[in-house]
Protein chains: 2
Amino acid sequence: MGRWLPNREGLKMDFLLQELRRAGYRITDARRAIVQALVNASRPLNPQELYEAARVQHPRVGLVTVYRTLEALLELGMVQKVHGEQGCVGYVYTGRGHRHVAWCRACGRAFIFEGQEDLSSLEQSLERTLHFRVEGHLLQLTGLCAECQART
Amino acid sequence: MGRWLPNREGLKMDFLLQELRRAGYRITDARRAIVQALVNASRPLNPQELYEAARVQHPRVGLVTVYRTLEALLELGMVQKVHGEQGCVGYVYTGRGHRHVAWCRACGRAFIFEGQEDLSSLEQSLERTLHFRVEGHLLQLTGLCAECQART
DNA sequence: GGCCTTACTGAAAACGTTTTTCAGTAACTC
DNA sequence: GAGTTACTGAAAAACGTTTTCAGTAAGGCC
């Protein structure tokens with residue numbers, strides 16, 4: 001029943017590989033496995049976790065290649081580092097564009113949302129008062145997702 | 001001429017030591033030197049830099065004590081980690097309360113400002129749409145300060 | 001002021017993470 | 001299919017941070 005639909009993760013993966021390609025990177029089995037593990041992850045993964053996840057599909061992959069691929073994806077703005085209260089909790093696929101992350105401290109999932117206008121009033125007041133010209137910002141929220149609120 | 005006024009850094013230092021004291025920490029020469037170096041710094045310092053700065057006043061201080069003191073000050077919310085585009089650039093004194101940091105990528109100075117209300121609309125919309133309950137946030141701005149804009 | 005408890009100290013060692021190196025491999029171009 | 005060259009994985013090196021531990025001194029108490 002119903003016709004076949006490509007799943008979301010497959011689309012994300014193709015998009016990521018395409019972007020790597022466009023930027024001049026070669027598409028290798030190692031990168032495919034790493035990118036796949038990244039888009040399939042239900043929460044931000046650190047390099048070690050991403051390495052272990054990628055090895056399921058491509059056991060010969062090395063941790064070094066995970067670092068190098070993350071570096072490339074960060075460079076392309078496809079991935080963001082996620083900060084918890086006590087430092088970095090991992091990297092998450094965010095896709096292109098201005099995205100922010102809300103991280104649930106209970107289940108560890110990251111929720112991606114857009115919102116570049118929300119900070120403009122703050123940025124403007126900073127320009128007016130301090131004459132500080134804002135070029136970029138780091139904004140991440142921590143809290144509890146709907147499901148984890150319900151669970152308590 | 002005019003009567004003597006305590007300088008700002010001295011006041012900050014006394015305040016920090018007082019807060020450490022109130023939290024049950026002992027005031028030692030090492031901590032005094034580290035706290036002094038921190039409030040006198042013109043920009044965020046990493047542990048190594050803070051260590052070198054503290055050694056000017058107290059040459060016997062160890063790097064470990066710098067780490068331990070930073071940990072205590074972070075715990076007390078007196079100090080914040082500052083993130084540049086490529087990761088942590090150091091720690092800066094922010095004082096008590098809800099403070100944000102704007103970091104100048106040219107001179108490396110950090111500008112501290114208050115503004116807890118600025119994010120409330122964003123947080124509310126997140127609660128409405130995702131039902132995500134926001135508990136905390138990380139917000140830091142990067143850009144150019146007034147003087148560094150003038151310099152170009 | 002001096003004593004006592006115990007947190008604090010600094011040096012060294014241990015530790016985990018990230019980066020560099022390098023010779024072999026394989027992706028993409030023509 | 002051949003050639004160029006970016007990529008790979010393993011090992012080693014480098015790096016930042018934390019742990020350990022015996023000696024020291026801060027602050028409370030008399």
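Protein chains get the first letters and strands the later ones, always in sequence-line order, with residue 1 at the start of each.
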Roughly how many Å is it from [atom1] in [X] to [atom2] in [N], rounded to a whole number?
X        : N       : atom1 : atom2 : answer
Arg55(A) : dT8(D)  : CZ    : C1'   : 15 Å
Gln18(A) : dC28(C) : CD    : P     : 13 Å
Glu71(A) : dT18(C) : CD    : C1'   : 11 Å

Exercise. Between Arg43(A) and Glu49(A), is the closest basic N to carboxylate O distance under 4.0 Å?
Worked result: yes
Exercise. Would a distance-only check, ignoring hydrogens and angles, find a side-chain to backbone donor-acceptor pair under 3.5 Å from Gln149(B) to Leu144(B)?
Worked result: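 Yes.
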Exercise. Are any non-hydrogen side-chain atoms of Met13(B) and Phe15(B) less than 4.5 angstrom apart?
Worked result: no
Exercise. Would you say the side chain of Arg133(B) lies within less than 4.5 Å of the side chain of Glu127(B), judging by non-hydrogen atoms?
Worked result: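 A side-chain contact under 4.5 Å exists here.
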Problem set entry | Rounded distance (nearest 0.5 Å) linking atom CD of Gln57(B) with atom CZ of Arg32(B) | 8.5 Å
For this session: Treat primed atoms plus P, OP1 and OP2 as sugar-phosphate and everything else as base, then score nucleotides 16-29 of chain D 5' to 3': B for base contact with protein heavy atoms under 4.0 Å, S for sugar-phosphate contact only, - for none.
Result: SBBBB----BBS--
Exercise. Does a donor on one side chain and an acceptor on the other come within less than 3.5 Å for Gln36(A) and His58(A)?
Worked result: no
Exercise. Using a cut-off of less than 4.0 Å, is there contact between a side-chain N or O of Arg31(B) and OP1 or OP2 of dT9(C)?
Worked result: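 Yes, within the criterion.
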Problem set entry | Presence of His58(A) side-chain N/O under 4.0 Å of dG9(D) phosphate oxygens OP1/OP2 |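 Checking dG9(D) against His58(A), a side-chain N or O does come within under 4.0 Å of OP1 or OP2.
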